[in-house]
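This report refers to the structure that appears directly beneath it.
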Amino acid sequence: MGRTLSEVKRYGPNWDETRKQILRRDDYTCQRCGHQSGPHAGDEGRVLQVHHIEKVSDGGSNDESNLVTLCRPCHGVQHPDNDTFDAIRGYARIYPPATADGSVAYVNSKNEREPLDSYLDRTESDYCERCGDPKSDGERFYVYPNIDFADRGSYENPAEKFGVLCAPCTGLVYAADDDDGVEKRLISTDGRIIGTSVERLVAQRDRALLSGTKKTRKFGTTREAANRKEWWLFESPYRHIHGLWRRLGTAVIAAFLFVLAGPLLDGLISAVAASTSLGPSAAWFYVFAGGLIAALSLAYVLRWSVAALSDRLWHRIDGTIRPHHYRKPKLFTLRRRLGAVGGYLFVPYLVVGALHAVVLLL
């Protein structure tokens, strides 16, 4: 592949010879993934390109120490913001192998030059993204490729599609994953590479939640019901009602509570408008918004309290139930939901009220 006018302009008139010299030096081998191609890589194998470790725009030179051979997909990994690589970047390995040149050994993620440790720190999670189970002390979670590798060209930054799974869910998804293109190199969120011990994860798959909370792509994997409770909730005709309840139950309870409190809210609006300097519109806003937040919070408390009680009842009447993920701590879920209400609704509500009060004082 000869030099182009843009390359001559950016890298100088001798760039073509320099590029060929670096390709020969690296034995026509990508220094990130190890893919090998001949001099005519466009005809046989991947196109090889020469990458500036330090960008020319940042003062990098054409010195041999600043140049390295990369296949085009791995070259795209070095430039996650360059959209000319978007259609090919998904074909690069997600994680660089141990043999990769340290200057280009970065994760195929959205962040430029992101090492594996940084990526794992960023993806660390306190709960499994498939079943929602909280991480307990000493438990190890794993980063799994929630990707359809048959459609690699649609993933601009594949590592961003990975998800964090608990051990049973990892074993379940791994055992059912028949994608030949999937990278079977599993890595725990603490940086441990999983080799032959993956069989121990697969052996735990019966403990995974039957139907996950996140059902996209590979995380939609399920298994057969192991007891009457799972059959009733996920395989019997009642499963349709249960599915609607899981999606809309909190909203239904909150709406019922809000309507039930309607007369009380009307009286409260009148009282606030009469006893403060707020106008009718402002009084309506604060009472209405506060009522919605209170109704949603109470709905979460009621729903998950009932869920905790029904969970205990199921385990008393069904002796076939064994410890598994569906018996996750309901209070953990409740805390997460109330935390979201507080962070996304209640705190902004207080901020708006405080700013309004300052304006009235001024």
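Asn111 and Ser109 are not linked by any side-chain donor-acceptor pair at a separation below 3.5 angstrom, with hydrogens and angles left out of the test. One side chain, Arg303 or Thr250, offers a donor N or O that lies under 3.5 Å from an acceptor on the other. Between the side chains of Asp63 and Ser61, no donor N or O sits under 3.5 Å from an acceptor N or O. Side-chain atoms of Thr29 and Gln36 include a donor-acceptor pair closer than 3.5 Å. Between Arg207 and Gln204, the side chains place a donor N or O and an acceptor N or O closer than 3.5 Å (distance only, hydrogens not considered).
The aromatic rings of Tyr349 and Phe285 lie tilted to each other, with the angle between the two planes from 30° to 60°. Between Tyr286 and His356, the ring planes lie parallel to each other; the angle is under 30°, not in the 30° to 60° tilted range.
The two atoms that bring Pro280 and Ala273 nearest to each other are CA-CB, 4.3 Å, heavy atoms only. Of all non-hydrogen atoms in Arg46 and Cys33, the two that sit nearest each other are NH1-SG, 3.9 Å. When every heavy atom of Ala175 is checked against every heavy atom of Val202, the shortest pair comes out as CB-CG1, 3.9 Å. For Leu257 against Ala295, the heavy-atom pair with the smallest separation is CD1-O, 3.8 Å. The minimum heavy-atom distance linking Leu265 with Gly291 is given by the pair CD2-CA, 4.4 Å. For Ile293 against Val341, the heavy-atom pair with the smallest separation is CG2-CG1, 4.1 Å.
For the pair Arg32 and Tyr106, the NZ or CZ position fails the cation-pi test of under 6.0 Å to the six-membered ring centre and within 45 degrees of the ring normal.
Between the side chain of Asn108 and the main chain of Val77, no donor-acceptor pair closer than 3.5 Å is present.
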Side chain to side chain contact (heavy atoms under 4.5 Å, CB included) between Phe141 and Asp126, intermediate numbers included: CA-CA 9 Å; Phe141 276 15; Asp126 291 329; over 6 Å; no
Go through the steps for His52 and Trp15 under the test ring pair (Phe, Tyr, Trp, His ring centres under 6.0 Å), then give the verdict. CA-CA 12 Å; His52 287 78; Trp15 171 246; 5.1 Å; yes
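From Trp314, atom CH2 reaches atom CH2 of Trp232 across 7.5 Å, with rounding to the nearest 0.5 Å.
Comment: Lys110 does not engage Asp81 in a salt bridge, judged by the lack of any side-chain N to carboxylate O separation of less than 4.0 angstrom.
Aromatic pair Phe162/Tyr142: ring centres not closer than 6.0 Å.
Around CZ of Phe346, the count of heavy atoms belonging to other residues, nucleotides or ligands within 6.0 Å does not exceed 12. Phe256 CZ: 12 or fewer foreign heavy atoms inside a 6.0 Å radius.
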